[in-house]
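In what follows, residues are counted from 1 in the order of the sequence shown. When a ligand or atom number is given, it counts from 1 through the structure's own listing order.
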Amino acid sequence: MGIQIAPSILSADFANLERDIAAVANADWLHVDVMDGHFVPNLTLGLPVLERLAQVSPVPIDAHLMIEDPDHWAPRYAEAGAASVTFHFEAARDAKAIARDIKRLGARASVALKPGTPVEAVLDDLREFDMVLVMTVEPGFGGQSFMPDMMSKVRTLRDHAHAEQHDLWIQTDGGISRDTIETVARSGGDVFVAGSAVYGAPDPAAEVTALRDLARAACHG
Ligand code: DX5
Ligand code: ZN
């Protein structure tokens, strides 16, 4: 599939979401951070808002669920219109069952790892997932610093997926910018979430293109 960019609306203007989504119509995905105030110490939005965003977004929705009880909730986000649903391994009772439920509803299934969670947690079941999200900050807030130590997880995932001939997408989220995206691309990451880098730029669409170009060049260089 190649390099993909997913702007995070956590850094958009919540009073003007439709406008800010239209501003990144050249992106591959729209990254929507769902936080419940329990799994992470922040609260954002839930099903009814995501459902409307899916109706107005020109690009598919990539839902990142930072919530408890994904066994119950994750499939509901697929039903609400998310084309990709990512839940956290740390919150899941049965990650394989959640992935199967999401896929049965026609969405892509993805599992996320907090910085402290070892990549070995998902290696045995890699084939169950369409994507693994390696968090490069502690989940909860935008604008934090990228954690380069997480690149060993990205490399391990890429190696295992390659050995298994599994077309696994590897997403990174947190501190992705022009300064960090090349490092991730060289490590084997291919789906990039960027919040403050995109929405903090004077021209968000131009920033999406710039990030995509940098990552592509790093892969082929
Ligand atoms: C943080 C969220 C991210 C956040 C990233 O928990 O999952 O998606 O928006 O923000 P930046 O790109 O500013 O680090
Ligand atoms: Zn996110």
Side-chain angles (χ1 to χ4, degrees), residues 3-14 17 20-21 23-24 27-46 49-50 53-54 57 59-68 70 73-74 77 82-91 107-117 131-151 153-154 169-185 189-202 204-205 207-208 210-212 214-215:
I3 299 296
Q4 303 182 70
I5 307 293
S8 166
I9 56 163
L10 191 59
S11 292
D13 178 356
F14 272 30
L17 283 177
D20 281 4
I21 293 169
V24 293
D28 300 283
W29 296 87
L30 187 75
H31 185 82
V32 177
D33 290 300
V34 177
M35 306 187 192
D36 66 356
H38 294 278
F39 182 72
V40 287
N42 196 4
L43 182 67
T44 54
L45 52 85
V49 177
L50 184 133
L53 295 177
S57 177
V59 294
I61 303 286
D62 167 37
H64 176 193
L65 308 183
M66 287 160 275
I67 60 175
E68 291 179 353
W73 289 108
Y77 283 85
S84 176
V85 179
T86 300
F87 63 91
H88 268 268
F89 178 82
E90 303 83 4
R108 293 178 61 88
S110 161
V111 64
L113 305 174
K114 289 170 74 172
T117 304
M131 181 168 83
V132 177
L133 164 53
V134 175
M135 288 303 298
T136 42
V137 298
E138 287 297 339
F141 301 92
Q144 304 181 75
S145 297
F146 174 77
M147 300 168 73
D149 291 0
M150 296 301 119
M151 291 308 95
K153 291 191 200 177
V154 173
W169 295 1
I170 302 175
Q171 186 178 56
T172 46
D173 182 6
I176 300 297
S177 69
R178 294 190 193 205
D179 295 333
T180 57
I181 195 165
E182 292 162 295
T183 305
V184 185
D190 53 4
V191 186
F192 299 90
V193 178
S196 49
V198 167
Y199 282 109
E207 197 61 23
V208 167
L211 290 171
R212 192 188 279 126
L214 277 173

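With T136 contributing its side chain and G174 its backbone, the two residues share a donor-acceptor pair below 3.5 Å. The closest donor-acceptor contact from the side chain of S11 to the backbone of Y199 lies at 3.5 Å or more, if one exists at all.
With a 6.0 Å cutoff to the six-membered ring centre and a 45° limit on the axis angle, R108 does not count as a cation-pi contact of W29.
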Step-by-step side chain to side chain contact (heavy atoms under 4.5 Å, CB included) determination, F146 to M151
CA-CA 10 Å; F146 174 77; M151 291 308 95; 3.7 Å; yes

Show every donor-acceptor pair shorter than 3.5 Å between a side-chain atom in residues 84-91 and any protein atom, with sequence neighbours excluded, or say none if there are none.
{"from": "T86", "atom 1": "OG1", "to": "S110", "atom 2": "OG", "distance (Å)": "2.9"}
{"from": "H88", "atom 1": "ND1", "to": "E90", "atom 2": "OE1", "distance (Å)": "2.9"}
{"from": "H88", "atom 1": "NE2", "to": "H64", "atom 2": "NE2", "distance (Å)": "3.0"}
{"from": "E90", "atom 1": "OE2", "to": "K114", "atom 2": "N", "distance (Å)": "2.6"}
{"from": "E90", "atom 1": "OE2", "to": "T117", "atom 2": "OG1", "distance (Å)": "2.5"}

Could you tell me, for ligand 1, which of its N or O atoms are under 3.5 Å from any protein N or O, listing the pairs and their distances rounded to 0.1 Å?
{"from": "ligand 1", "atom 1": "6 (O)", "to": "G140", "atom 2": "N", "distance (Å)": "2.7"}
{"from": "ligand 1", "atom 1": "7 (O)", "to": "D33", "atom 2": "OD1", "distance (Å)": "3.0"}
{"from": "ligand 1", "atom 1": "7 (O)", "to": "H64", "atom 2": "ND1", "distance (Å)": "3.2"}
{"from": "ligand 1", "atom 1": "7 (O)", "to": "D173", "atom 2": "OD2", "distance (Å)": "2.8"}
{"from": "ligand 1", "atom 1": "8 (O)", "to": "H31", "atom 2": "NE2", "distance (Å)": "3.3"}
{"from": "ligand 1", "atom 1": "8 (O)", "to": "D33", "atom 2": "OD1", "distance (Å)": "3.1"}
{"from": "ligand 1", "atom 1": "8 (O)", "to": "D33", "atom 2": "OD2", "distance (Å)": "2.8"}
{"from": "ligand 1", "atom 1": "8 (O)", "to": "D173", "atom 2": "OD1", "distance (Å)": "2.8"}
{"from": "ligand 1", "atom 1": "8 (O)", "to": "D173", "atom 2": "OD2", "distance (Å)": "3.0"}
{"from": "ligand 1", "atom 1": "9 (O)", "to": "S8", "atom 2": "OG", "distance (Å)": "2.7"}
{"from": "ligand 1", "atom 1": "9 (O)", "to": "D33", "atom 2": "OD2", "distance (Å)": "3.3"}
{"from": "ligand 1", "atom 1": "12 (O)", "to": "G195", "atom 2": "N", "distance (Å)": "2.8"}
{"from": "ligand 1", "atom 1": "13 (O)", "to": "G143", "atom 2": "N", "distance (Å)": "2.8"}
{"from": "ligand 1", "atom 1": "13 (O)", "to": "S196", "atom 2": "N", "distance (Å)": "3.0"}
{"from": "ligand 1", "atom 1": "13 (O)", "to": "S196", "atom 2": "OG", "distance (Å)": "2.5"}
{"from": "ligand 1", "atom 1": "14 (O)", "to": "G175", "atom 2": "N", "distance (Å)": "2.8"}

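When the options V24, L50, V32, L30 are evaluated for a side-chain contact (heavy atoms from CB on, under 4.5 Å) with S57, the one that passes is L30.
Under the 4.5 Å side-chain criterion, counting only non-hydrogen atoms from C-beta, I67 is not in contact with M35.
Residue pairs satisfying the salt bridge (charged side-chain N to carboxylate O under 4.0 Å, His left out) criterion with at least one member in residues 189-199, sequence neighbours excluded, are listed as follows: R158-D190.
Of all protein N/O/S atoms, those lying under 2.8 Å from the Zn ion (ligand 2) come to 4.
Contact check on R212 versus D28 returns a salt bridge, with a Lys/Arg side-chain nitrogen under 4.0 Å from an Asp/Glu carboxylate oxygen.
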